[in-house]
A.B. asks: 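Have a look at the structure that comes next, please.
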Amino acid sequence: MTDTPDTKESGSLISSVLLHLSRLIRKEFELAKAEMSEKVNRAAFAIGLLVIGAILFLSALNVLAGAAVAGLVELGLTPGWAALAVAGVVLLIAAVLAARGISILKTTRFAPTETVETISNDFATLKESIHDQ
């Protein structure tokens with residue numbers, strides 16, 4: 001069986017399409033990897049902020065809590081009630097900070113949404129070019 005010009009042209013066209021598809025898929029994976037890296041870095045940054053904030057907060061909290069208790073005792077509260085009042089305020093502040101940190105983490109999406117959209121567009125374009133021929 002001999003190859004006709006149409007057969008050779010079709011084989012060349014298919015080979016070219018497969019080569020371009022292979023390159024496209026490789027680039028899309030690279031894009032997905034870069035996008036995921038960016039999102040992981042953002043989440044790591046948010047977690048780092050939470051950890052640093054918690055450490056600084058805990059360090060200062062000891063000094064501030066002691067000062068607040070001493071101040072309330074000076075105002076006439078017994079040491080027990082003064083300590084309870086300060087502890088209540090500290091717990092409220094801690095709850096607000098934790099809620100904010102969780103909120104930041106929840107808004108970080110780890111799926112490579114831009115890459116998925118680009119791949120969908122690429123396949124739609126490829127499908128159209130195949131149907132046009």
Side-chain angles (χ1 to χ4, degrees):
M1 180 167 143
T2 61
D3 287 336
T4 64
D6 287 342
T7 307
K8 287 182 182 178
E9 193 174 303
S10 296
S12 174
L13 181 62
I14 290 171
S15 174
S16 177
V17 166
L18 290 176
L19 177 65
H20 288 298
L21 183 61
S22 170
R23 288 180 184 161
L24 179 65
I25 289 172
R26 190 173 339 114
K27 289 192 185 271
E28 293 298 347
F29 276 119
E30 289 172 9
L31 178 62
K33 195 163 85 171
E35 188 178 347
M36 288 299 295
S37 175
E38 178 184 325
K39 291 178 185 247
V40 167
N41 285 342
R42 183 168 187 234
F45 179 72
I47 291 170
L49 289 178
L50 284 170
V51 169
I52 291 170
I55 290 169
L56 292 175
F57 184 74
L58 290 173
S59 298
L61 191 59
N62 282 327
V63 175
L64 290 175
V69 170
L72 290 175
V73 169
E74 285 291 319
L75 292 174
L77 284 175
T78 63
W81 283 110
L84 186 61
V86 170
V89 171
V90 169
L91 286 175
L92 179 64
I93 293 170
V96 169
L97 290 174
R100 178 65 180 137
I102 290 169
S103 171
I104 289 172
L105 287 175
K106 282 185 178 179
T107 59
T108 303
R109 296 185 179 266
F110 291 100
T113 54
E114 294 173 21
T115 303
V116 170
E117 184 177 330
T118 304
I119 290 173
S120 296
N121 291 339
D122 292 341
F123 279 116
T125 303
L126 182 62
K127 195 175 188 180
E128 285 177 21
S129 69
I130 290 172
H131 286 293
D132 289 344
Q133 295 178 5

A.B. asks: Is any side-chain heavy atom of Arg26 closer than 4.5 Å to one of Arg23?
C.D. replies: yes
A.B. asks: Supply the atom-to-atom distance Leu84 CG to Thr78 OG1, rounded to the nearest 0.5 angstrom.
C.D. replies: 9.5 Å
A.B. asks: Can you tell me how far apart CG (Asn62) and CG (Leu64) are? Round to the nearest 0.5 Å.
C.D. replies: 9.0 Å
A.B. asks: Where do Leu72 and Ala85 come nearest, in terms of heavy atoms and distance?
C.D. replies: CD1-CB, 4.0 Å
A.B. asks: Measuring only between side-chain heavy atoms, which start at C-beta, is Arg42 closer than 4.5 Å to Glu38?
C.D. replies: no
A.B. asks: At what distance, to the nearest 0.5 angstrom, does CG of Leu18 lie from CG of Leu24?
C.D. replies: 12.5 Å
A.B. asks: With hydrophobic residues grouped by side-chain heavy-atom distances under 4.5 Å, do Leu19 and Leu21 end up in a single group?
C.D. replies: no
A.B. asks: In Å and rounded to the nearest 0.5 Å, what is the NE2 to NZ distance from His20 to Lys27?
C.D. replies: 12.0 Å
A.B. asks: Is Val90 reachable from Val73 through a run of hydrophobic residues whose side-chain heavy atoms are each under 4.5 Å from the next?
C.D. replies: yes
A.B. asks: Give the cluster check for Ile102 versus Ile47: same hydrophobic cluster or not, with ILVMFWY residues linked at side-chain heavy-atom distances below 4.5 Å.
C.D. replies: no
A.B. asks: Indicate, with yes or no, if Leu56 and Leu97 share a hydrophobic cluster defined by side-chain heavy-atom contacts under 4.5 Å among Ile, Leu, Val, Met, Phe, Trp and Tyr.
C.D. replies: no
A.B. asks: List the atom of Ala82, the atom of Val69, and the distance in Å for their closest heavy-atom pair.
C.D. replies: CB-O, 3.8 Å
A.B. asks: When clusters are formed by joining ILVMFWY residues with side-chain heavy atoms under 4.5 Å apart, either directly or through shared neighbours, do Ile93 and Leu91 land in the same one?
C.D. replies: no
A.B. asks: What are the two closest heavy atoms between Ile104 and Ala46, and how far apart are they?
C.D. replies: CG2-CB, 3.4 Å
A.B. asks: Check whether more than 12 heavy atoms from other residues, nucleotides or ligands sit under 6.0 Å from atom CZ of Phe57, and answer yes or no.
C.D. replies: yes
